[in-house]
There are 2 protein chains.
Amino acid sequence: MSAALELFVERGYAATRLEDVAARAGVSKGTVYLYFSGKEALFQAVIREGLLPALEQGERLAAGHGGSAAQLLADLLRGWWELVGAQKVGGLPKLMIAEARNFPQIARFYHDEVIVRGHRLLGQALELGMARGEFRRCELEPTLSILFAPVLMLAVWRHSFVPCGCTDGPPEAYLESCIDFILRALAPESARGGETPT
Amino acid sequence: MSAALELFVERGYAATRLEDVAARAGVSKGTVYLYFSGKEALFQAVIREGLLPALEQGERLAAGHGGSAAQLLADLLRGWWELVGAQKVGGLPKLMIAEARNFPQIARFYHDEVIVRGHRLLGQALELGMARGEFRRCELEPTLSILFAPVLMLAVWRHSFVPCGCTDGPPEAYLESCIDFILRALAPESARGGETPT
DNA sequence: CAGTGGTGACTGACCGGTCAGTAATGTAGG
DNA sequence: CCTACATTACTGACCGGTCAGTCACCACTG
């Protein structure tokens, strides 16, 4: 599955040959069929098993968090980058974006079990901050999509343009810029200054 | 080329059959080869011809703009949505993200001629705002990527998850939320309040 | 020797690309 | 106006390569 993830992310579903997946995994093509009923089942398994552990870890992090809402939000984004974005599973968003229309039921699953759940997680931090007066009042839904888009793009980029020699800066610095940008946009109307994240 | 754009965006490069492109264009497969030397040449043509006109129009808009930097930035983003995001070419970013690694030289072209050029355009608005004191001082590069990511994601989403029944709200409202979010994040450290875009 | 896990040659469908052929539109000549 | 030839635009059957999926066979273990 690790080999399949790499190749699917690298080349896309249709352009990935099962023989190559098998070769990278160090087995023969027939062996793949001992564990997966076919190419699509392998794809589905890669998607389903890839992100759920990280999501659960994120939920644990949120549950046991004691700091400010800004801290929680920043920690969630940093945690997502470390656990997902910077790992091999960080290619899954790109893969899912590319293949969603060809596999509507898998896209549905990804949407319901990954995106919606992730938004719920970030939404907790946002609501906490609004309740506490740390953040200004705003609509949850567009705001969640907007604030997650830059870090999501970071992961997508690293699996599309970056390998083509289109360089970008160090991802950690970019991530910190994102967090800074987001916290500024969420700051209450009045009372500004000095809310730079630690 | 219009038919090819639609199908490439819908299914991805590898999963698109030239016979289907021909059928949608109302011609036969052989005819495609009268105008393009092969599948990859068709792909390249779709990418190259797709976005350059819109980019030029954006540059004209920026050149002849008299309002505030915030106005210019908002107009550029709205213009991008109307001219690109909401049109068929709005699927190109998704397509390019999905296929960049399989076509490095086309990805290079797209990066240099579309992304970098687009950033330069938005960068003008950002620099203008900083010079005028409308925006806080910040690094150009990460900021441009961050502020464009949400609207880019909007276009990508509409060609991946939305057609799978994963609904989202009206794009125009989301776009206005983006603009509001961005302008808040760019506001100077002091002096806040009432900078809602008109 | 039975059972288990693994192999890789093989098959058949599929699709990019080719090309001999057809139809439509000149156009020249009587 | 009719006929014959030339040119252009297009067609779709066909070919060859590729790859998902199959299955007869192998090797190892207890």
Side-chain angles (χ1 to χ4, degrees), chain A residues 1-50 88 91-92 94-107 109-110 159, chain B residues 1-50 88 91-92 94-107 109-110 159:
Chain A
M1 276 181 48
S2 171
L5 170 62
E6 286 173 30
L7 286 167
F8 281 148
V9 168
E10 204 168 303
R11 309 183 187 175
Y13 177 83
T16 297
R17 299 182 306 144
L18 278 192
E19 234 161 339
D20 293 340
V21 174
R24 186 169 294 201
V27 297
S28 74
K29 192 164 67 150
T31 308
V32 175
Y33 284 88
L34 294 178
Y35 297 94
F36 302 96
S37 62
K39 195 181 184 184
E40 186 170 343
L42 174 61
F43 180 68
Q44 190 160 348
V46 164
I47 299 287
R48 295 183 98 100
E49 323 275 300
K88 275 194 296 191
L92 279 181
K94 169 198 153 175
L95 180 58
M96 208 55 250
I97 284 169
E99 304 296 342
R101 289 183 80 162
N102 294 116
F103 302 95
Q105 76 292 358
I106 300 180
F109 164 82
Y110 186 88
H159 292 276
Chain B
M1 278 181 47
S2 170
L5 170 62
E6 286 173 30
L7 285 169
F8 281 146
V9 168
E10 203 168 305
R11 308 182 188 175
Y13 178 83
T16 297
R17 298 181 307 143
L18 278 191
E19 233 161 341
D20 292 341
V21 174
R24 188 170 294 200
V27 296
S28 75
K29 192 165 66 149
T31 306
V32 175
Y33 285 87
L34 294 177
Y35 296 95
F36 303 96
S37 63
K39 194 182 185 184
E40 186 170 343
L42 174 60
F43 180 67
Q44 190 160 348
V46 164
I47 299 287
R48 294 183 99 98
E49 321 276 297
K88 274 194 296 190
L92 279 182
K94 169 198 154 175
L95 179 58
M96 209 53 251
I97 285 169
E99 304 295 341
R101 291 184 79 162
N102 294 116
F103 302 95
Q105 76 293 359
I106 300 180
F109 164 82
Y110 186 88
H159 292 277

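Since the model is a prediction, treat every value here as computed from it, not as a measurement. Here is how names work: the chains are called A, B, and so on, in the same order as the sequence lines, proteins then strands, and each is numbered from 1.
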Q.
Any side-chain N or O of A:Lys29 below 4.0 angstrom from OP1/OP2 of C:dG8?
A. no
Q | Distance test, side-chain N/O of B:Ser28 to OP1/OP2 of D:dC10, below 4.0 Å | A | no
When the distance from [atom1] of [X] to [atom2] of [N] is rounded to whole Å, what number comes out?
| X | N | atom1 | atom2 | result |
| --- | --- | --- | --- | --- |
| A:Lys39 | D:dT18 | NZ | P | 15 Å |
| B:Tyr13 | C:dC15 | OH | P | 14 Å |
| A:Glu19 | C:dT7 | CD | P | 13 Å |
| B:Arg17 | C:dA13 | CZ | C1' | 12 Å |
| A:Leu7 | D:dC19 | CG | P | 13 Å |
| B:Phe36 | C:dG16 | CZ | P | 15 Å |
| A:Leu18 | D:dT18 | CG | C1' | 13 Å |

(Q) For A:Met96 and A:Ile106: C-alpha separation, side-chain torsions, deciding distance, then whether side-chain contact (heavy atoms from CB on, under 4.5 Å) applies. (A) CA-CA 9 Å; A:Met96 208 55 250; A:Ile106 300 180; 4.1 Å; yes
Q) With sugar-phosphate meaning primed atoms plus P, OP1 and OP2, does B:Tyr35 contact a base, only sugar-phosphate, or nothing at under 4.0 Å between heavy atoms? A) sugar-phosphate
Q: Pick base, sugar-phosphate or nothing for A:Thr16, based on heavy-atom distances below 4.0 Å to the nucleic acid.
A: sugar-phosphate
Q | Minimal non-hydrogen separation, B:Leu92 against B:Gly50, with atom names | A | CD1-CA, 4.0 Å
Q) Of the non-hydrogen atoms in A:Thr16 and A:Leu7, which two are nearest, and what is the gap between them? A) OG1-O, 3.2 Å
Q | Test item: B:Lys94 side-chain N/O and B:Val9 main-chain N/O as donor-acceptor pair under 3.5 Å | A | yes
Q: Would you mind building the protein contact string for nucleotides 23-30 of chain D? One character per nucleotide, 5' to 3', B for base within reach (heavy atoms under 4.0 Å), S for sugar-phosphate only, - for untouched.
A: --------
Q.
I need the single residue from A:Phe43, A:Phe109, A:Tyr110 that forms a ring pair (Phe, Tyr, Trp, His ring centres under 6.0 Å) with A:Phe103. Which is it?
A. A:Phe43
Q | Heavy-atom side-chain proximity of A:Met1 to A:Tyr35 below 4.5 angstrom | A | no
(Q) Is any side-chain heavy atom of B:Glu99 closer than 4.5 Å to one of B:Ile47? (A) no
(Q) Heavy atoms from C-beta onward define the side chain here; which of C:dG16, D:dT11, C:dT7 lies closest to that of A:Val27? (A) C:dT7
